[in-house]
Amino acid sequence: MARRRVPQRPGGAQVSAEEWARFYEYFGHARVRRAIGVLSRLPSEPRCEACGNPFGGVGGWLMARVGKSPSRKNPRWCQMCFESAPAGGVTLTIGVLFADVRNSTALAERIAPADMAARLNHFYAALTQVIVQHGIVDKLIGDAVLGLYFAPLSRDGRYIESMVTDAHKILRDLGYGSPTGPQLEVGIGLDVGPAYVGIVGDGEVRDFTAIGDVVNTASRLQHVAAGGQIVMSDTVARLGGVSGGDAVALDLKGKAEPLTARRLSVSPKGQAAGS
């Protein structure tokens, strides 16, 4: 049965009635919902994909004064839809991408600090630019990046497939498969499962994040991924339509039972393998 469509708002705000209902059920932005009609008429493009808030022109300047400039989590959405969202959250299924630099301590001993900083900045920029197309950058943790993917952020609802595609794109953008190869060795872990998603903390020390075993599992999978490898849970592989690579049973730290996973490798130079 075809989904009922609602009139499209300027600048690509979500248009499916089902998507809107899901968004409000997850985040309860009553104050945003009441203002949608007004915000969508203010000039000008681009706009927050969730609430229609303008980022450009006079409208963007005015709304930035009240905390509705682009979010640092995802510039496709405004700050009020993430950092200033109502306190609390809900449990929903999410995809988690964890990417980490391999052997960064040893590398930092061999090269100049400025060179190391430049390589890490390229790493952060490459991951951020890819992740925000379909998800949010939850945290930068030392030399690791945590990305979250879930239905309300996805333009087409295929957020797990997007996460898998993004993992491959991240490695390519970092130089894997290129003639020169990567400047940093990076491994990626992917998992999907239920998590508590919302605002955690109190007062000034609060943030939009996700908490749950799925986050820990993605981190563990990342730890067993060598440079140029993507290690994903079997559930991610199944939902993401992945059949290549090697099926493996992994004994992960803190897990009572071995986890069935799939390991894909990208060669440092030349063409991708196992993708």
Side-chain angles (χ1 to χ4, degrees), residues 46 49 70-77 94-104 106-108 110-111 114-150 153-156 158-192 215 218-219 221-233 236-237 239-242 244-245 262-275:
E49 293 183 6
S71 169
R72 62 183 173 81
K73 296 280 186 178
N74 186 320
R76 290 163 41 208
W77 285 24
I94 66 170
V96 179
L97 182 154
F98 223 118
D100 190 23
V101 177
R102 306 276 82 106
N103 303 316
S104 59
L107 178 63
R110 299 196 308 269
I111 66 176
D115 188 14
M116 186 67 185
R119 295 189 189 194
L120 285 175
N121 283 336
H122 174 63
F123 167 73
Y124 296 139
L127 268 71
T128 298
Q129 290 168 12
V130 172
I131 291 171
V132 298
Q133 298 305 311
H134 305 106
I136 68 169
V137 177
D138 184 19
K139 291 181 179 66
L140 304 181
I141 312 167
D143 52 9
V145 175
L146 172 61
L148 306 178
Y149 293 75
F150 46 96
L153 281 171
S154 175
R155 293 185 175 104
D156 57 10
R158 300 158 69 100
Y159 62 103
I160 299 302
E161 292 181 22
S162 295
M163 180 175 70
V164 173
T165 300
D166 285 357
H168 285 280
K169 181 168 174 46
I170 284 167
L171 292 181
R172 291 197 301 272
D173 288 356
L174 290 173
Y176 282 94
S178 70
T180 57
Q183 286 189 322
L184 292 172
E185 293 290 324
V186 174
I188 298 177
L190 306 176
D191 194 23
V192 58
V215 180
S219 175
L221 290 169
Q222 167 269 131
H223 277 295
V224 299
Q229 288 187 343
I230 302 167
V231 180
M232 64 186 72
S233 66
V236 170
L239 296 177
V242 177
R262 189 165 292 273
R263 179 184 285 119
L264 298 93
S265 299
V266 178
S267 59
K269 297 182 181 181
Q271 298 298 315
S275 59

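Every heavy atom of this structure was used, including side-chain atoms; hydrogens, water molecules and symmetry mates were not. The residues of the chain are indexed from 1 along the displayed sequence.
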Find the distance between [atom1] ([X]) and [atom2] ([Y]) and round it off to the nearest 0.5 Å.
{"X": "S71", "Y": "I136", "atom1": "OG", "atom2": "CD1", "result": "7.5 Å"}
{"X": "Q133", "Y": "S162", "atom1": "CD", "atom2": "OG", "result": "10.5 Å"}
{"X": "N121", "Y": "M116", "atom1": "CG", "atom2": "CE", "result": "10.5 Å"}
{"X": "R119", "Y": "L107", "atom1": "CZ", "atom2": "CG", "result": "5.5 Å"}
{"X": "D166", "Y": "E161", "atom1": "CG", "atom2": "CD", "result": "12.0 Å"}
{"X": "M232", "Y": "L239", "atom1": "CE", "atom2": "CG", "result": "11.0 Å"}

Distance-minimising heavy-atom pair for [X] and [Y]:
{"X": "Q222", "Y": "D100", "answer": "OE1-CB, 2.8 Å"}
{"X": "R102", "Y": "H223", "answer": "NH2-CA, 4.5 Å"}
{"X": "P75", "Y": "P70", "answer": "O-CB, 3.8 Å"}
{"X": "V224", "Y": "R263", "answer": "O-NH2, 3.8 Å"}
{"X": "I160", "Y": "G95", "answer": "CD1-CA, 4.0 Å"}
{"X": "V186", "Y": "A99", "answer": "CG1-CB, 4.3 Å"}

Less than 4.5 Å apart, side chain to side chain, heavy atoms only: is that true for [X] and [Y]?
{"X": "V236", "Y": "V164", "value": "yes"}
{"X": "Q229", "Y": "L264", "value": "no"}
{"X": "L146", "Y": "V215", "value": "yes"}
{"X": "F98", "Y": "I141", "value": "yes"}
{"X": "K73", "Y": "D138", "value": "yes"}
{"X": "H134", "Y": "Y159", "value": "no"}
{"X": "D173", "Y": "L171", "value": "no"}
{"X": "V231", "Y": "I188", "value": "no"}

Practice item. Test L97 against D191 for side chain to side chain contact (heavy atoms under 4.5 Å, CB included), laying out the working first. Key: CA-CA 7 Å; L97 182 154; D191 194 23; over 6 Å; no
Donor-acceptor list for residues 124-132 side chains, cut-off 3.5 Å, not counting sequence neighbours:
from : atom 1 : to   : atom 2 : distance (Å)
Y124 : OH     : G142 : O      : 2.1
T128 : OG1    : Y124 : O      : 2.8

Point to revise | Atom CG of D115 with >12 non-hydrogen neighbours under 6.0 angstrom | key: yes
Practice item. Take atom NZ of K139 as the centre, draw a 6.0 Å sphere, and report whether it contains more than 12 heavy atoms from other residues, nucleotides or ligands. Key: yes
Check your understanding: Could you go step by step and tell me if V96 and L148 meet the side chain to side chain contact (heavy atoms under 4.5 Å, CB included) rule?
Key -> CA-CA 5 Å; V96 179; L148 306 178; 4.1 Å; yes
